[in-house]
Amino acid sequence: MSIPKTYDPKSIEDKWYRYWTDNGMFRADSRSGKEPFTIMMPPPNVTGALHMGHALQGAVQDTIIRIKRMQGYEALWLPGTDHAGIATQNVVEKSLKKEHKLNRHDLGREKFVEKVWEWKHKYGDIITGQYRKLGTSCDWSRERFTMDEGLSEAVQETFIRLHGQGLIYKGNYLVNWCPTDMTAISDEEVDHVERKGHLWYVNYPLSEATAKKTGQPFITIATTRPETIPADTAVCVNPEDERYADFVGGEVEIPTTGRRVPIIADEYIKPEFGTGALKVTPAHDQNDFDIGTRHNLQVINIISKDGSMNESAGAYAGLDRFDARAKIAGDLDEMGLLVKVEDYVNQVGVSGRSGTVIEPLLSDQWFVNMKPLAQKALEAGRNGEFTFYPQRWESEFNRWMENIRDWVISRQLWWGHRIPVWYYTRADGSVDETKDYVVSIDRPEEGMVQDPDVLDTWFSSWLWPFSTLGWPDEKAEDYKTFYPTSVLVSGYDILFFWISRMIMGGLHLTGRSPFRDVFMTGIVRDKQGRKMSKSLNNGIDPLELIDQYGADAVRYSLIVLCAQGQDIKLDPRRFEMGRNFANKLWNAFRLLHMHMDEKESYSTELNTDTGNLTDRWMISRIHQTIAAVEDDLSRYRLNEALMKIYGLLWDDFCDWYLELIKPEYGETMDRETVDRAVNIYEILVRLLHPFMPFITEEIWHSLRSREVSEALIRADWPVNTGGDPFGEDGRLFTTIQRMISSIRNIRAEMNVPDSQEVAVVIKARDQATAKALSENRVIFEKLVKIGSLGISTTADRPKGSASAVVDGSQVFVPLSGIIDVEKERERIAAEVRRLNGFLKSVNAKLGNEKFMANAPEEVVEREHKKRSDTEINLEKLKTILAEL
RNA sequence: GGGUCGUUAGCUCAGUUGGUUAGAGCGCUACGUUGACAUCGUAGAGGUCGGCGGUUCGAAUCCGCCACGACCCACCA
């Protein structure tokens, strides 16, 4: 069977994914008794399609869970989706309109919710299907949905508990109202954007008495929202403001309505802003509401839930709030009350979802009192019950906890968890507000009606780490085994929406932090650093990338780019890196494969009993790399770990090891060499598997035939035994590498044709080196085109040679006739200059008394070694230079 | 107004608790293709680590200020 020269991911990825799932290899066993390791997948919206953020976090989570699985943990990665209240309701409403020209009210609540469920069943698993393309080893048998039975129970239970504890309350307050989605939203769902607007200066006529007292006909206020004038119930100034001292206690007439309201004083007012006088509109501004509360002001609401002016707005009733703004401004102008209009840029709150300008609106809503929950979270954070990676997010988290505000959890939507609250009704069916409501999952009494509102989507998400495991049943097998979870992987963009709330919810409801570590990834951005979004149409579709480069390549590149929470500016070309690496890996396999006998059975364990320097060096490199990789992984430096594995495979294994064991063209590799190379390669493949699962599993099974129980996904992760058995040999090999590079360099610099052999003479620094080099002369012969190689401690520099000094030994390449003496002189001189500079800096340190006194001994020792090594090399180079 | 992050090679970025006269990939230059791999190999060029000051024997790394860029939070009409 011939193996293609280039690696083709398409032909194998689906095959292995099926193999893993068919054999239940992602499934976790709650009774294995092994130490558990749990990751909860942040549930994507059912409406969603896989985007680069998912791909990045999916790659990270899968890599971690695969490592832990190979390390012998009972590894559970639990997937699922979020019902995503508003988002999903909107999508279904849109399709309803498009296909049937109906809105949700035409259907009625029950029918509509049925439709959403239908939609969910039809499209809800698209995104999880897309996740699979990436190779994610989630336990699909445990997949959950935020509105499935168990999670709904958890949501209701939580509401009932918190209500019982007095932490959930109902109240009539100003909330952020979205006129498009016709629901309240939380503060976190409001974005503040800069908008160009105007500041209108308006004269409010004073009452006769006030006019007389002050000697003025008007008081001038400045406002950005003239349409709310009909809702004004006071004018307010600063009590310290002498300009208005006489005005306080007086009365003004509200323009357009003529209603009389008091002039009051409040510290809140900043005298330097505008005119120093503020119109107070308690129904439509949070600050004004607060002032109103302090001064017992009347509250007049003139805006409806759809953003239009209501009947209390008088002549403006029925107009949209922005049309009303223009109209009122015009009217004021006509009435001669408009003093001036200035351009003004201010921050406007818009709905994060619809982009509509938020209207602060007074309404009955349910809230969670967050302060007590935040208090626990702060303490737990201080006690180290959870750790952020990178750490800086902890202070961000703390700041948020310290300034937490109550959470509006009711939404005026149909799609979501119904609030488990029931009201008594009157004979006509209307809610009887004279009687208390009852909190209950089931209808407590015939004739009672349930609160029509649903809960914020995040009210189910914040329970995700434990509701998915069976909570509130604390005896549930999965809950007992897998909770608390080990690490949460998420982007920082939902730190406040989700991560903080999970910590608070987990601590309060289960008494434990829901996860030990929080690994915050950066945000994937486009080439220019902009967030990827539909509106900018700058998104890159991960599925297209997988199609183009292969899942392993996409994973590789994402993880290498994912450095410690740094945002990722994504250039599609970056994926070539991963693709090329996969191809390299593939061809290393091809090389071994062509020398493997299909019938031969190779030993199952690496035989380290070898006198061969190349083997010993390679084994040493593997030891060093595993140790370094383990250290990186313990701190979630996946990028560093992967780069090291990349270097080990490409530079050490392919460029040196394979080049050295590769036989001459047409010859075959001997059995022992193949055996050892296969074993070494298998270690590397095991190291790489969690990062690039498909190609490694394919190679793993191509190297030998394996039982299902021997699949790579369940194989052992290479262990660092703590030592580096062949460290000394490694250093000798490195010297040889340097010598070879310098010979190659001479050849290239002196334009020696590739086909031409050169003689090489090495004058070793000492007998031991000479002996060691002689024993390994085959390495030179293999890697550079050498006619003859003389090694001794006494050799003279042949006439007309180019030279190099490596670790105290001299390498001469006689090139009579070819050598350009001038060039050679300059080459050596440049090296002398370089070493002189280096030596100077070393000497500066060693000559510095304070350095000698303060620097750690090992650092001083290292400098000494540097000096003596450099001096030896330098001296030899200078001699050569003098001779030239 | 408060806070966070970034500024390192032409480009995109690594650089761990201060101790290598700073690394990778791409790009570039030269040479190389019956040979595992041109999605490749060999050799090479290219950086006063944004600026200024400080701490230190020693700073890309720690501290302060400044410049530029990005983001988060905040009730100034």
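This is a predicted model, so every value here is computed, not measured.
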By the 4.0 Å heavy-atom rule, please label [X] as base, sugar-phosphate, or nothing.
X        : answer
A:Arg744 : sugar-phosphate
A:Trp200 : nothing
A:Glu863 : nothing
A:Tyr344 : sugar-phosphate
A:Glu659 : base
A:Asp290 : nothing
A:Gly837 : base
A:Lys5   : sugar-phosphate
A:Cys236 : nothing
A:Pro856 : base
A:Tyr492 : nothing
A:Lys785 : nothing
A:Lys584 : base
A:Lys662 : base

How far, in whole Å, is [M] from [N] if one measures between their [atom1] atoms?
N     : M     : atom1 : answer
B:G54 : B:U16 : C1'   : 25 Å
B:A70 : B:A9  : C1'   : 23 Å
B:A14 : B:U8  : P     : 10 Å
B:G6  : B:G64 : P     : 14 Å
B:U29 : B:G46 : C1'   : 11 Å
B:G19 : B:U61 : P     : 11 Å
B:C37 : B:U12 : C1'   : 25 Å
B:C49 : B:U7  : C1'   : 10 Å

May I ask which nucleotide in the shown strands pairs with [N], Watson-Crick or G-U wobble, both distances under 3.5 Å?
N     : answer
B:G44 : B:C28
B:A38 : none
B:U55 : none
B:G6  : B:C68
B:A60 : none
B:C76 : none

> Would you find more than 12 non-hydrogen atoms of other residues, nucleotides or ligands less than 6.0 Å from A:Gln391 atom CD?
Replying inline: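 No.
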> Between A:Met643 and A:Asn751, which has a closest nucleotide on RNA chain B that is more 5'?
Replying inline: A:Met643
> Starting at the 5' end of RNA chain B, which residue's closest nucleotide do you reach first, A:Ser741 or A:His192?
Replying inline: A:Ser741
> How close do A:Phe519 and A:Cys562 get, heavy atom to heavy atom, and via which atoms?
Replying inline: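 Closest heavy-atom pair between A:Phe519 and A:Cys562: CZ-SG, 4.4 Å.
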>> Checking A:Trp393 against A:Phe388 for the ring pair (Phe, Tyr, Trp, His ring centres under 6.0 Å) test, could you report, in this order, the C-alpha distance in whole Å, the side-chain angles of both residues, the deciding distance, and whether it holds?
In response: CA-CA 6 Å; A:Trp393 291 107; A:Phe388 282 97; 8.0 Å; no
>> Less than 3.5 Å apart, any donor N or O on the side chain of A:Asn836 or A:Arg833 sitting next to an acceptor on the other?
In response: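 Judged by distance alone, the side chains do not pair up.
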> If you measure only the distance, is there a donor-acceptor pair under 3.5 Å linking the side chains of A:Gln286 and A:Asp290?
Replying inline: yes
> Rounded to the nearest 0.5 Å, what separation is found between the OG atom of A:Ser557 and the CG atom of A:Leu56?
Replying inline: 11.5 Å
>> Working to the nearest 0.5 angstrom, can you tell me the gap between A:Asp517 CG and A:Tyr636 OH?
In response: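 Answer rounded to 0.5 Å: 3.5 Å.
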> Which nucleotide of RNA chain B is the first, and which the last, in the 5' to 3' direction, to come under 4.0 Å of a heavy atom belonging to chain A?
Replying inline: B:G3 to B:A77
>> Assess whether a salt bridge exists between A:Glu831 and A:Arg834, defined as any Lys/Arg side-chain N lying under 4.0 Å from an Asp/Glu carboxylate O.
In response: yes
Distance-only check: which donor-acceptor pairs under 3.5 Å involve side-chain atoms of residues 268-284 of chain A, not counting sequence neighbours?
| from | atom 1 | to | atom 2 | distance (Å) |
| --- | --- | --- | --- | --- |
| A:Tyr268 | OH | A:Asn287 | ND2 | 3.1 |
| A:Thr275 | OG1 | A:Thr220 | O | 2.5 |
| A:Thr275 | OG1 | A:Ala277 | N | 3.2 |
| A:Lys279 | NZ | A:Thr228 | OG1 | 2.6 |
| A:Lys279 | NZ | A:Asp232 | OD1 | 2.8 |
| A:Lys279 | NZ | A:Thr281 | OG1 | 2.9 |
| A:Thr281 | OG1 | A:Asp232 | OD1 | 2.8 |
| A:His284 | NE2 | A:Asn301 | OD1 | 3.4 |
| A:His284 | NE2 | A:Ile302 | N | 3.1 |

